[in-house]
Enquirer: 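The structure is given below, and queries will be raised subsequently.
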Amino acid sequence: GFAHLSPRNKIRKLPTAIGRLHNLEFMELSYNCVSTLPDSICRLPKLRDIYLQQNMIHKLPHDFGRIAQLNIINLSENNLLEVPPSVGHLHELTELNLNHNSLSTLPGEIGRLANVKMLYLDCNQLEWLPKEIGQCQRLRVLSVSKNKLETVPCELGNCRLLRVLNLVYNRLNELPYSLTNCKHLNALWLSDNQGAPLLPFQATTNEVGEKVLTSYMFPQLLQSEDENQAAAAAAGSTARVRAGPSLYGSWCTSCSAAEFP
């Protein structure tokens, strides 16, 4: 069954009785005013796709992971402060969109999403990614732009099918050397204006003795025009650290898991 409640209905609350719709497979509630989800939503055994973008949801039910057949979740443009650890039980999930929320951390259980191919975390408050993300062996697209990341876990290099990595607008100084294991990686964004998807990197050792990758595109902090020119000159290139519009935006929001078999 399908529940398509037309956008902009200004729906504020779902009835507890929604948990009785045991044959419900698709739910579309985007562009409403829903602030909470009833616990009974976790009793929908056949629900596969749920679209709740642009509501006012600040918290998910503790047992959200009991909706075991979920394949696509879109919770972008809400007010989420956290993701419940039970999300790790969503073994059928292929696409998770948490863009434009207020997340500061992710649970380590996210590493149990064995089939997730596309993970969108843009425009949150994340300062770090859990090392368990390296267990997402089928991950193709990871987008974490406009957060507060200072490091990327070396375990991400275990995601060897990764094709797109978006780290625009963070606070990175380096990347883990293990990313060289991602032989399928063909698009890597490190600032909001990158003129080409791939950049020259140099292997080096950081202050704690770890082998890392660095590039003239680091650091990600805003710089003056003079500093941009100096950085480009030091790199032996006329390229600028910041020059022109973002390339990733429309592309990342238009692709779907079906495009990454």
Side-chain angles (χ1 to χ4, degrees), residues 82-83 98 102-111 119-137 139 141-244 246-248:
E82 61 182 4
V83 176
L98 297 172
S102 299
L103 301 172
S104 58
T105 62
L106 292 174
E109 285 80 1
I110 203 164
L119 180 56
Y120 297 108
L121 300 164
D122 302 325
C123 301
N124 279 283
Q125 303 294 318
L126 296 172
E127 296 183 3
W128 54 277
L129 295 173
K131 63 181 182 181
E132 290 84 357
I133 200 169
Q135 299 171 20
C136 299
Q137 298 289 305
L139 190 63
V141 177
L142 176 60
S143 192
V144 203
S145 70
K146 295 187 178 180
N147 278 275
K148 299 179 179 180
L149 297 181
E150 296 186 359
T151 62
V152 174
C154 61
E155 288 80 4
L156 186 61
N158 296 328
C159 301
R160 302 197 176 196
L161 297 179
L162 191 65
R163 298 184 186 181
V164 178
L165 178 57
N166 179 8
L167 295 169
V168 166
Y169 267 124
N170 278 284
R171 301 175 179 177
L172 299 168
N173 290 310
E174 60 195 25
L175 294 176
Y177 189 78
S178 60
L179 282 182
T180 57
N181 296 328
C182 302
K183 305 301 182 183
H184 296 279
L185 188 64
N186 56 31
L188 173 60
W189 283 281
L190 296 175
S191 81
D192 68 328
N193 58 12
Q194 191 171 324
L198 293 177
L199 291 173
F201 285 96
Q202 298 83 40
T204 186
T205 302
N206 66 13
E207 63 275 8
V208 295
E210 297 172 329
K211 194 172 185 180
V212 297
L213 296 175
T214 187
S215 165
Y216 68 86
M217 290 294 288
F218 292 126
Q220 296 287 302
L221 300 178
L222 297 178
Q223 299 183 26
S224 68
E225 185 69 15
D226 290 341
E227 289 173 321
N228 282 335
Q229 293 176 355
S237 168
T238 58
R240 294 182 179 178
V241 176
R242 294 174 50 80
S246 169
L247 298 178
Y248 79 93

Enquirer: Output the distance between atom CD (Glu174) and atom OG1 (Thr205), rounded to the nearest 0.5 Å.
Expert: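 Rounded to the nearest 0.5 Å, the CD-OG1 separation comes to 10.0 Å.
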Enquirer: Here's a test for you: under side-chain contact (heavy atoms from CB on, under 4.5 Å), which of Leu175, Val144, Ile133 qualifies with Val152?
Expert: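 Only one option passes, and that is Leu175.
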Enquirer: How many angstroms lie between NZ in Lys131 and SG in Cys154, if you round to the nearest 0.5 Å?
Expert: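 SG of Cys154 is found 9.0 Å from NZ of Lys131.
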Enquirer: If we only count heavy atoms from C-beta on, is the Cys159 to Leu142 side-chain gap below 4.5 Å?
Expert: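 Sidechains of Leu142 and Cys159: no contact.
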Enquirer: Taking atom SG of Cys136 and atom CG of Leu162, what is their separation to the nearest 0.5 Å?
Expert: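 So the gap between those two atoms works out to 10.5 Å.
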Enquirer: Under the side chain to side chain contact (heavy atoms under 4.5 Å, CB included) rule, collect the residues that match up with Gln135, sequence neighbours excluded.
Expert: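 Partners of Gln135 under the side chain to side chain contact (heavy atoms under 4.5 Å, CB included) test: Glu132.
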Enquirer: Would the distance check show the side chain of Asp122 and the main-chain N or O of Ser145 forming a donor-acceptor pair, the cut-off being under 3.5 Å?
Expert: yes
Enquirer: In Å, rounded to the nearest 0.5 Å, how long is the span from OG1 of Thr151 to CG of Asn173?
Expert: 10.0 Å
Enquirer: Mind checking what makes side chain to side chain contact (heavy atoms under 4.5 Å, CB included) contact with Thr180, not counting sequence neighbours?
Expert: Tyr177, Leu213
Enquirer: Among all residues two or more places apart in sequence or in another chain, which pass the side chain to side chain contact (heavy atoms under 4.5 Å, CB included) test with Glu210?
Expert: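 Residues passing side chain to side chain contact (heavy atoms under 4.5 Å, CB included) with Glu210: Asn206, Val208, Val212.
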Enquirer: My understanding is that only residues two or more places apart in sequence, or in another chain, count here; which of them pass side chain to side chain contact (heavy atoms under 4.5 Å, CB included) with Thr105?
Expert: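 Partners of Thr105 under the side chain to side chain contact (heavy atoms under 4.5 Å, CB included) test: Trp128.
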Enquirer: Check the pair Val141, Arg163 against side chain to side chain contact (heavy atoms under 4.5 Å, CB included), reporting the backbone distance first and the verdict last.
Expert: CA-CA 6 Å; Val141 177; Arg163 298 184 186 181; 5.6 Å; no
Enquirer: Considering all heavy atoms of both residues, which atom of Pro107 and which atom of Pro130 are nearest to each other, and what is their separation?
Expert: O-CG, 4.0 Å
Enquirer: Taking only residues two or more places apart in sequence or in another chain, which ones pass side chain to side chain donor-acceptor pair (under 3.5 Å) with Lys148?
Expert: Gln125
Enquirer: Of all heavy-atom pairs between Pro153 and Pro176, which one has the smallest distance, and what is that distance?
Expert: O-CG, 3.8 Å
Enquirer: Show your reasoning for whether side chain to side chain contact (heavy atoms under 4.5 Å, CB included) applies to Tyr120 and Asn166.
Expert: CA-CA 9 Å; Tyr120 297 108; Asn166 179 8; over 6 Å; no
Enquirer: When rounded to the nearest 0.5 angstrom, what distance separates CG in Asn147 from CG in Leu129?
Expert: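 Interatomic distance, Asn147 CG to Leu129 CG, rounded to 0.5 Å: 8.0 Å.
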Enquirer: Could you tell me the separation between the CG atom of Leu121 and the OG atom of Ser143, rounded to the nearest 0.5 Å?
Expert: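 OG of Ser143 is found 8.0 Å from CG of Leu121.
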Enquirer: Tell me whether Asn170 contacts the main-chain N or O of Leu126 through its side chain, where contact means a donor paired with an acceptor under 3.5 Å.
Expert: no
